[in-house]
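All remarks here apply to the structure that follows.
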Amino acid sequence: MTDENAAAPPAFDFLQLAGKPVLVTGVANKKSVAWHTAKLLADAGAEVKLAVHTPERREKVRKFCGDMAVFVCDVADQDSIDRLATDLADDLRATPLAGLVHSVAYADYSAGWLPFHQTPRAAFLQAVDVSCFSLTALSNALSDRLDPETGSVVTISISTTRMAAENYGYMAPVKAALDSSVCFLAKSFSQFSKVRFNAVGPGLLKTQSSAGIPGYLDSYLFAERATLRHEAVTTPEVANAVAFLLSPRSSGINAQHLTIDAGMGVNYFDADLVRDAVS
């Protein structure tokens with residue numbers, strides 16, 4: 001006889017993250033890569049913890065994040081990063097952090113579109129600090145919390161930093177610095193742990209943050225036509241890649257940039273695109 005009240009056997013844990021804590025930074029709204037990743041990880045059984053920019057953002061996120069713990073961390077403020085590390089240590093106690101998702105970026109486009117050589121110094125340096133150096137600062141602050149055997153850090157980059165999209169401007173060089181930082185962090189952490197660092201580079205996505213980039217909609221529509229499938233990359237597809245790189249299933253992947261662009265990077269000379277451009 002079988003006990004009808006017996007608990008169902010657990011589903012196959014492909015990601016091997018069930019019951020393990022993962023910190024996801026940068027959740028802004030339900031359309032963000034960070035939130036799609038957090039929800040996927042939670043569905044896979046991970047113990048997801050969130051870090052957001054301000055107390056106000058925390059209150060907004062709490063309305064849709066369920067019972068996930070939400071911390072506040074301004075990544076441009078070292079004291080705030082240090083407080084996050086302390087708060088996490090208290091919350092986790094002796095449990096190591098299985099993963100860190102760095103999904104933080106900021107660019108001040110308030111001056112409107114400018115040629116790259118007219119990039120405001122303050123805007124560029126602020127973008128480097130928030131969008132790039134924050135990965136190093138967070139990783140350093142959490143270095144003794146990450147699981148030294150299977151810990152994984154994943155950041156969100158872009159599909160290519162070699163395409164001079166004028167409206168994206170100075171953020172491409174900033175993302176290039178982020179990609180390089182991934183390699184150097186992987187090397188640096190290898191001196192005392194097996195923590196891995198990788199970047200996921202999405203093609204153009206339909207998110208609220210991207211809406212603030214001048215001329216983004218036209219670029220998005222063109223990118224969609226340039227993909228091999230003629231369909232834009234979706235945010236859940238990016239989240240799937242992030243979750244895989246966080247997982248021990250990807251243990252052999254380190255210091256890499258995984259491009260998620262539905263084949264756009266090999267399809268710029270698509271016959272239809274060329275015909276439309278020269279007709």
Side-chain angles (χ1 to χ4, degrees), residues 14-17 20-26 33-34 37-38 40-41 44 46 48-49 51 73 75-76 78 81-82 84-85 88-89 92 95-106 127-162 171-203 237-261 265:
F14 175 78
L15 292 178
Q16 300 177 346
L17 291 173
K20 297 180 180 180
V22 178
L23 176 66
V24 178
T25 66
V33 171
T37 301
L40 174 61
L41 293 170
V48 180
K49 302 177 186 301
C73 180
V75 296
Q78 186 60 48
I81 292 175
D82 293 340
L84 171 64
L88 267 177
L92 293 170
T95 306
L97 197 61
L100 165 64
V101 179
H102 175 266
S103 184
V104 180
Y106 178 77
V128 171
D129 188 17
V130 174
S131 309
C132 175
F133 184 73
S134 60
L135 174 63
T136 298
L138 282 168
S139 300
N140 183 44
L142 299 175
S143 60
D144 61 349
R145 299 307 312 164
L146 287 161
D147 190 318
E149 292 296 318
T150 61
S152 177
V153 179
V154 181
T155 188
I156 311 303
S157 183
I158 56 176
S159 57
T160 175
T161 59
R162 298 289 297 170
M171 276 303 291
V174 172
K175 290 292 190 178
L178 179 67
D179 286 351
S180 181
S181 296
V182 165
C183 299
F184 277 85
L185 284 166
K187 174 64 175 179
S188 187
F189 268 63
S190 73
Q191 306 303 312
F192 58 88
S193 75
K194 296 179 183 178
V195 175
R196 297 178 294 116
F197 289 79
N198 291 289
V200 167
E237 288 177 318
V238 180
N240 290 341
V242 174
F244 171 67
L245 289 176
L246 285 172
S247 164
R249 293 288 186 181
S250 63
S251 59
I253 304 175
N254 197 6
Q256 299 300 311
H257 177 283
L258 180 59
T259 299
I260 313 294
D261 71 351

TODO: Would you give the length of the straight line joining atom SG of Cys132 to atom CG of Asp179, rounded to the nearest 0.5 angstrom?
DONE: 9.0 Å
Open item on the list: Using modelled atom types and a 3.5 Å cut-off, is there a donor and acceptor pairing between side-chain atoms of Ser193 and backbone atoms of Val195?
Closed with: yes
Open item on the list: Any non-hydrogen side-chain atom of Phe189 less than 4.5 Å from a side-chain atom of Leu146?
Closed with: yes
TODO: Check each of Thr136, Thr155, Val104, Val128 against Leu178 using the side-chain contact (heavy atoms from CB on, under 4.5 Å) test, and report the only one that passes.
DONE: Thr155
- [ ] Using the side chain to side chain contact (heavy atoms under 4.5 Å, CB included) rule, take Val33 and Val101 through it: C-alpha gap first, then chi angles, then the decisive distance, then the call.
- [x] CA-CA 10 Å; Val33 171; Val101 179; over 6 Å; no
TODO: Report yes if some heavy atom in the side chain of Leu40 is under 4.5 Å from a heavy atom in the side chain of Asn240; otherwise report no.
DONE: yes
Open item on the list: Checking Leu23 against Arg145 for the side chain to side chain contact (heavy atoms under 4.5 Å, CB included) test, could you report, in this order, the C-alpha distance in whole Å, the side-chain angles of both residues, the deciding distance, and whether it holds?
Closed with: CA-CA 11 Å; Leu23 176 66; Arg145 299 307 312 164; over 6 Å; no
- [ ] Could you pull out the closest heavy-atom pair between Pro21 and Pro96, with the gap in Å?
- [x] CG-O, 3.2 Å
Open item on the list: Between Ser181 and Ala177 (side chain of the first, backbone of the second, donor and acceptor by atom type, cut-off under 3.5 Å), is there such a pair?
Closed with: yes
Task: Nearest-0.5 Å distance, CD1 of residue Ile260 to CD1 of residue Ile158 - done: 14.0 Å
Task: Check: His257 side chain, Ser180 main-chain N or O, donor-acceptor pair, under 3.5 Å - done: no
Open item on the list: I want to check something: taking the side chain as every heavy atom from C-beta on, are Leu138 and Val153 in contact at a cut-off of under 4.5 Å?
Closed with: no
Open item on the list: Measuring from atom CG of Leu185 to atom NE2 of His102, what distance do you get when rounded to the nearest 0.5 angstrom?
Closed with: 10.0 Å
Open item on the list: Using modelled atom types and a 3.5 Å cut-off, is there a donor and acceptor pairing between side-chain atoms of Thr25 and backbone atoms of Ala51?
Closed with: no
Open item on the list: Determine whether a donor-acceptor pair (N or O, by modelled atom type, separation under 3.5 Å) exists between the side chain of Asn198 and the backbone of Gln256.
Closed with: yes
Task: Least distance between heavy atoms, Ala85 atom then Ala141 atom - done: CB-O, 3.7 Å
Task: Side chain proximity check, Ser251 to Thr150, heavy atoms < 4.5 angstrom - done: no
Open item on the list: Could you report the tightest heavy-atom contact between Leu245 and Ala199, atom names first, then the distance?
Closed with: CD1-O, 4.3 Å
Open item on the list: Taking the side chain as everything from C-beta on, heavy atoms only, tell me whether Cys73 gets closer than 4.5 Å to Ile81.
Closed with: yes
Task: Distance, nearest 0.5 Å, that separates CD of Glu237 from CG of Asp261 - done: 10.5 Å
Task: Under 3.5 Å: donor-acceptor pair, side chain of Asn254, backbone of Phe197 - done: yes
Open item on the list: Show the nearest heavy-atom pair for residues Ala243 and Leu17, with the distance to one decimal.
Closed with: O-CD1, 4.4 Å
TODO: Taking all heavy atoms of Ser247 and all of Leu15, pick out the closest pair and write down the distance.
DONE: OG-O, 2.6 Å
Open item on the list: Could you report the tightest heavy-atom contact between Arg249 and Phe14, atom names first, then the distance?
Closed with: NE-O, 2.6 Å
Task: Leu135 side chain near Val182 side chain, heavy-atom distance below 4.5 Å - done: yes
Task: Check: Lys194 side chain, Asp147 main-chain N or O, donor-acceptor pair, under 3.5 Å - done: no
Task: Expected output: side-chain Ser152 to main-chain Gly99 donor-acceptor under 3.5 Å - done: no
- [ ] Drop me the distance from Leu84's CG to Leu142's CG, to the nearest 0.5 angstrom.
- [x] 6.0 Å
- [ ] Say whether, by atom type as modelled, one donor and one acceptor occur between the side chain of Arg196 and the main chain of Ile253 under 3.5 angstrom.
- [x] yes
Open item on the list: Treating Ser143 as the side-chain partner and Asn140 as the backbone partner, does any N or O pair qualify as donor plus acceptor under 3.5 Å?
Closed with: yes
